[in-house]
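For reference, the structure discussed in these notes is given below.
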Protein chains: 2
Amino acid sequence: MASDASPAPTFTKPVTLREVASLAGVSVATASKALNGQGRMTAETRERIRETAQRLGFRPNSLAQSLLRRRSFTVGLLTNDTYGRFSLPVMSGISDALVDKGVSVFLCNVEDDQRLGQLHVDAMLDKRVDGIIATGKRIDRHLPVDLSNLGVPTIYAFTQPDPGAIAFVSDDAGGARLAVEHFWRLGRRRIAHVTGPASFAVVHARAQAYRDVLTEKGLPVMEPLLGSWSEAWGHEAVKKLFDGQLLDGKREKPDAVFCGNDQIARGVIDALRERGLGVPDDVGVIGFDNWQIVAEATRPPLTSVDMNLAALGREAGLTLLSLVGGEPAEPGIRKLPCRLVVRQSCGRPPDG
Amino acid sequence: MASDASPAPTFTKPVTLREVASLAGVSVATASKALNGQGRMTAETRERIRETAQRLGFRPNSLAQSLLRRRSFTVGLLTNDTYGRFSLPVMSGISDALVDKGVSVFLCNVEDDQRLGQLHVDAMLDKRVDGIIATGKRIDRHLPVDLSNLGVPTIYAFTQPDPGAIAFVSDDAGGARLAVEHFWRLGRRRIAHVTGPASFAVVHARAQAYRDVLTEKGLPVMEPLLGSWSEAWGHEAVKKLFDGQLLDGKREKPDAVFCGNDQIARGVIDALRERGLGVPDDVGVIGFDNWQIVAEATRPPLTSVDMNLAALGREAGLTLLSLVGGEPAEPGIRKLPCRLVVRQSCGRPPDG
DNA sequence: AAAGCTTGGGAAAAGGTTTTCTCAAAGGGA
DNA sequence: TCCCTTTGAGAAAACCTTTTCCCAAGCTTT
């Protein structure tokens, strides 16, 4: 119900510097300098202008400033991650890094639609963004837009960059090492890997790191099980792992499963429970992504590799800013480290 | 690795109307009119100017246009939903509604931080947004900012509005009716309700609608079970429902559970399975939110109430635009209908 | 042929701010 | 008293586009 006590909203014109100046009895030039701490004038004059501006609620028109400075204090953020599971932390990091510098972010969801992508990029360019950050849901796919010769600095964060560009991505191999080495430290020796489809680059990166660590440690390497990113696949994989005879010769069942994402891990844990296998007592499980809402709802709560996406976003934002400021930056792909978030699905270290 | 074939990126100054005009041998006034289809001139002149602009890749500077038109074709979107589960669909709807009109969206995540909120609002105002949309993760909580006298039109979408404002929210009672009535049509008669904490307004709205429908149909009403929004609570609630004697006198167990969100529903379904109760054969389950990734991963896939958040966002966006255009709009709260997304957790209607 | 209309196009102001010059007055030194 | 320096502040250009008004030339009408 509408409150009839509230007045009709009135959208008054913002007050301009000219008005401030005239009320303070000075020229706009002097007013501008007073408010920006520039120029020379008596302390009283400066204070009087300040006070007038304050009283009138003066806010400099950012459009006019931008026009003059050829800098809009605005960046565009392109994403195709409609659901935002990966993009949101990245965005949040970017925004964090920029808000303090007075830079605002245009969010543009381009889905996987070329037309939409072009529309957004054109709008951003028209609005004279100082730079562009591209992010996405997959590290190994391009957004459906060409960002190569836009005339503004561009950074890629968690998406496939154009050659010669600057990109920030997660260190998936490092993350996988973290997981497998954690198992190893806990005394687990028969470590399996259940992951997503072969079409994802990260699947191979993580799988290779998994193999590498096992080899380094002298542990038996079993071929990673590739499937989909779903709980259902986690279930199915447990069947394959524990019914088959996968550990060459030994026929021993895994005592640890490193999963390609948290959903798979969840499926694995549920399937293990249904078989009467305890987590973490009989089998340890580690997920990937540290999707909090899943990891914490899992029973037991899931230890998982976190890609530090917010930090990644922050780095991307800061780097873009330095680029905008004219500082040079080496092109190339920077891999940012993951971290392991330990919950209860692996058990405790022997001498924790 | 950096490709050494790619040239160092060069950020050239955008071409201005003046350059176009001078190359076409006309004044800027004429050039402007030519490109905007205004004014009078020979067809050749117009074409020559168009062609020159095209060749130079001229894009009118939106900042200059905005300054003149006192309209930035920009709106601010405030949210405190860091995780984006509710905000993202809303945002996506808003963006959809606006992008075709050339309006871009500043995304501002204010968490629950007053300072951050003020920072973002100030930045938006400085950048002369045409309007503001506030959205959040809870329909019954304010954002940590005061948006009441900003001087620009403001719309609330899926968050608690200030009095006298315009707001769009989901019709939770209607959504609950949809669920309970669906159970009824399927022949379920002992319908329970497991939902979130009493501190949420939607909990009461949905619970009341649940009671209303049961009363209308002459079915036994059991008091809704209030708890948390978690899977764990879903588990626990099943215990209470199926161990206790909740249906007054009859001691009959529920044959349907309407859950306050999809996570609770998931917990309920898992707990039922662990008790040897089949879903949907023995008990039907309906969730709320239609959180696709959860609803589809549940076994069986979960029937759930969808709040149509994208549509809500679209409405909010369009309404803001009409407000910006100066059209009047009635203040008040508009409830938008939910819809039921039927999957497999309720069974089929008797005469499908 | 004079007066009026149409046509094609330009000059200038406006939008709000910043910055570089410029200048008058005041003060200081000789 | 005269010249030079410092101080305080204003004028104007610049950023880029749009729009209103204006003007000159050519044409029509009487």
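Residue numbering restarts at 1 for every chain, and letters A, B, ... go by the order of the sequence lines. Atom set for the values below is all heavy atoms of this structure, side chains included, hydrogens, waters and symmetry mates excluded.
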Quick one, F106(A) with F106(B), criterion ring pair (Phe, Tyr, Trp, His ring centres under 6.0 Å). Give me CA distance, side-chain angles, the key distance, then yes/no. CA-CA 5 Å; F106(A) 284 126; F106(B) 284 125; 4.2 Å; yes

To the nearest angstrom, how far is [X] atom [atom1] from [N] atom [atom2]?
| X | N | atom1 | atom2 | answer |
| --- | --- | --- | --- | --- |
| I49(A) | dA9(D) | CD1 | P | 8 Å |
| R59(B) | dT18(D) | CZ | C1' | 19 Å |
| N36(B) | dC16(D) | CG | C1' | 13 Å |

Which is the 5'-most and which the 3'-most nucleotide of DNA chain C that has an atom under 4.0 Å from a heavy atom of chain A?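 Span of nucleotides near chain A: dG16(C) to dT20(C).
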
Please check if any side-chain donor atom of K127(B) sits under 3.5 Å from a side-chain acceptor atom of S72(B), or the reverse.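 K127(B) vs S72(B): no donor-acceptor pair found between side chains.
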
Given dC16(D), dA9(D), dT18(D), identify the nucleotide with an atom nearest to the side chain of L68(B).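 The closest nucleotide is dT18(D).
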
Map F58(B) and R46(A) onto DNA chain D by nearest heavy atom, then report which one ends up closer to the 5' terminus.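 Its nucleotide being nearer the 5' end, the pick is R46(A).
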
Parallel, tilted or perpendicular: which one describes the rings of F86(B) and F158(B), with boundaries at 30° and 60°?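 Aromatic pair F86(B)/F158(B) classed tilted.
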
Could you check R48(B) against R40(A) and say which one's nearest nucleotide on DNA chain C is further toward the 5' end?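 Per heavy-atom nearest nucleotide, the more 5' residue is R48(B).
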
Does K33(B) or Q65(B) map to a spot on DNA chain C nearer the 5' end, using the closest nucleotide for each?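 Closest to the 5' end, via its nearest nucleotide, is K33(B).
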
Just call it for T45(B): base, sugar-phosphate, or nothing, with non-hydrogen atoms closer than 4.0 Å on any strand.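 Answer is sugar-phosphate: T45(B) comes under 4.0 Å of backbone atoms only.
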
How would you label the contact of S32(B) with the nucleic acid (heavy atoms, under 4.0 Å): base, sugar-phosphate, or nothing?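 Since a base atom lies under 4.0 Å of S32(B), the category is base.
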
Walk me through whether R141(A) and D112(A) qualify under salt bridge (charged side-chain N to carboxylate O under 4.0 Å, His left out). CA-CA 11 Å; R141(A) 285 286 186 275; D112(A) 287 306; over 6 Å; no

Would you name the heavy atoms of V110(A) and N80(A) that are closest together and state the gap between them?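 Nearest heavy atoms, V110(A) then N80(A): CG2-CB, 4.2 Å.
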
